[in-house]
Colleague: 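Below you'll find the structure I mean.
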Amino acid sequence: MSDLLATLYPWNKAIHIMAVITWMAGIFYLPRLFVYHAEQAETGDPRDQVFRIMEYKLFRYIMNPSMVVVWVFGLALVFTPGIVDWGMVWPWTKAASVLAMTWFHYWLGLRLKDFAAGNNTLSGRNYRMMNEVPTILMIVIVLSVVVKF
Ligand code: HEM
């Protein structure tokens with residue numbers, strides 16, 4: 001198994017990075033959709049329906065599958081011999097940040113359900129502020145895996 005993971009390492013990393021790109025595209029875009037949904041579309045308005053469809057499709061068909069692929073191939077990299085040294089700091093900062101990113105993903109899913117039920121209580125400003133969360137996490141993750149402090 002270890003030999004197979006070592007052989008597949010560059011492929012697993014390539015797939016991991018491709019899935020990261022698509023997951024992050026959704027993670028950054030969905031809160032922006034929520035900003036405009038909260039500010040520009042009253043419940044029942046035709047624009048409300050369009051936002052609901054855009055948000056649902058982005059979450060269900062892009063973000064959910066991408067997140068699963070990121071996790072599967074990320075864990076394959078973790079179990080590849082010689083890749084992660086748990087005596088260093090970077091695997092811990094990366095692990096904490098990816099768990100927080102995953103929490104953020106599910107938090108967006110809950111807000112999506114609020115909009116779908118006409119129960120959104122957050123303002124455009126709230127969503128703008130929450131948009132900073134994945135930005136900070138992404139910076140910590142990339143520094144962790146590239147600088148490897
Ligand atoms: C969700 C669970 C995740 C796990 C378990 C995971 C795990 C890993 C591991 C073990 C590596 C290999 C590091 C190496 O080859 O030295 C890696 C590479 C990488 N990861 Fe993740 N990762 C996850 C999510 C993410 C996320 C959310 C991002 C970006 C926002 C990300 C960005 C990267 C990048 C850019 C690399 C390539 C680094 C390089 O080779 O220079 N990963 N990941």
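These values consider heavy atoms only, across backbone and side chains, with no hydrogens, waters or symmetry-generated copies. When a ligand or atom number is given, it counts from 1 through the structure's own listing order.
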Colleague: Heavy-atom contacts with W23 under 4.0 Å: which atoms of ligand 1 show up? List them by number with element.
Modeller: 27 (C)
Colleague: Working note: R32 + Y36, criterion side-chain hydrogen bond (donor to acceptor under 3.5 Å, both in side chains); need CA distance, chi angles, decisive distance, verdict.
Modeller: CA-CA 7 Å; R32 296 302 307 172; Y36 297 115; 3.1 Å; yes
Colleague: Quick test: of every protein heavy atom, which one is nearest to atom 26 (C) of ligand 1, and how far off is it to 0.1 Å?
Modeller: V20 CG2, 3.8 Å
Colleague: Where is the nearest protein heavy atom to atom 36 (C) of ligand 1: which residue, which atom, and how far?
Modeller: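 So the nearest neighbour among protein heavy atoms is V145 CG2, 3.8 Å.
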Colleague: Does ligand 1 have a heavy atom under 4.0 Å from the side chain of M67, from its backbone, from both, or from neither?
Modeller: neither
Colleague: Evaluate the criterion side-chain contact (heavy atoms from CB on, under 4.5 Å) for residue pair M138 and I27; output intermediate values, then yes/no.
Modeller: CA-CA 10 Å; M138 179 269 291; I27 282 267; over 6 Å; no
Colleague: Identify the protein heavy atom lying closest to atom 33 (C) of ligand 1, giving its residue, its atom name and the separation to 0.1 Å.
Modeller: K94 NZ, 3.5 Å
Colleague: Decide yes or no on side-chain contact (heavy atoms from CB on, under 4.5 Å) for I83 and V78, but give the supporting numbers first.
Modeller: CA-CA 7 Å; I83 299 304; V78 169; over 6 Å; no
Colleague: Tell me whether M129 at atom CE has more than 12 heavy atoms from other residues, nucleotides or ligands lying less than 6.0 Å away.
Modeller: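 Counting other residues, nucleotides and ligands, CE of M129 stays at 12 neighbours or fewer.
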Colleague: Starting from atom 11 (C) of ligand 1, which protein heavy atom do you reach first, and at what distance in Å?
Modeller: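 Checking every protein heavy atom, the shortest distance to atom 11 (C) of ligand 1 gives L77 CD1, 3.5 Å.
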Colleague: Could you tell me whether Y9 and ligand 1 have an N or O pair separated by under 3.5 Å?
Modeller: yes
Colleague: Examine V20 and L75 and state if one hydrophobic cluster contains both, with Ile, Leu, Val, Met, Phe, Trp and Tyr joined whenever side-chain heavy atoms are less than 4.5 Å apart.
Modeller: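 V20 clusters together with L75.
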Colleague: Is atom 21 (Fe) of ligand 1 less than 2.8 Å from at least one N/O/S atom of G74?
Modeller: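 Short answer: no, not a single N, O or S atom is under the cut-off.
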Colleague: In terms of residue, atom name and distance, what is the protein heavy atom nearest to atom 37 (C) of ligand 1?
Modeller: I17 CD1, 3.8 Å
Colleague: Please report the C-alpha distance between Y127 and H37 in whole Å, then the side-chain angles of each, then the deciding distance to 0.1 Å, and finally whether the side-chain contact (heavy atoms from CB on, under 4.5 Å) criterion is met.
Modeller: CA-CA 10 Å; Y127 286 115; H37 196 164; over 6 Å; no
Colleague: Any N/O of K13 closer than 3.5 Å to an N/O of ligand 1?
Modeller: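 Yes, there is a polar N/O contact under 3.5 Å.
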Colleague: Any atoms of ligand 1 less than 4.0 Å from a non-hydrogen atom of L75? List them with their elements.
Modeller: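 Reading through ligand 1 atom by atom, the close ones are 5 (C).
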Colleague: Show me which atoms of ligand 1 lie under 4.0 Å from any heavy atom of V78.
Modeller: 10 (C)
Colleague: For ligand 1, which atoms sit closer than 4.0 Å to a heavy atom of K148?
Modeller: 14 (C), 16 (O)
Colleague: Given salt bridge (Lys or Arg N to Asp or Glu O under 4.0 Å), test E55 with R60 step by step and report yes or no.
Modeller: CA-CA 8 Å; E55 289 157 1; R60 176 81 172 72; over 6 Å; no
Colleague: Give the residue, atom name and distance (to 0.1 Å) of the protein heavy atom nearest atom 18 (C) of ligand 1.
Modeller: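 Going atom by atom, the protein heavy atom closest to atom 18 (C) of ligand 1 ends up being H16 CD2, 3.7 Å.
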Colleague: For the pair F59 and M54, evaluate side-chain contact (heavy atoms from CB on, under 4.5 Å) and give the outcome as yes or no after the intermediate values.
Modeller: CA-CA 9 Å; F59 191 74; M54 288 168 74; over 6 Å; no
Colleague: Would you say the side-chain atoms of W92 pair up with the backbone N or O of W86, donor to acceptor, closer than 3.5 Å?
Modeller: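 Judged by distance alone, yes, a pair lies under 3.5 Å.
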Colleague: Does the pair F34 and F115 meet the rule for a ring-ring contact (aromatic ring centres under 6.0 Å, His included), with working shown?
Modeller: CA-CA 9 Å; F34 288 165; F115 274 113; 5.0 Å; yes
Colleague: Decide whether an N or O pair under 3.5 Å exists between W71 and ligand 1.
Modeller: no
Colleague: Check ligand 1 against V84 and write out every atom of the ligand that is under 4.0 Å from a heavy-atom position of the residue.
Modeller: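 The atoms of ligand 1 under 4.0 Å from a heavy atom of V84 are 10 (C).
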Colleague: Among protein heavy atoms, which lies nearest atom 13 (C) of ligand 1, and at what distance?
Modeller: I83 CG2, 4.0 Å
Colleague: I want to check something: taking the side chain as every heavy atom from C-beta on, are M67 and Y106 in contact at a cut-off of under 4.5 Å?
Modeller: yes
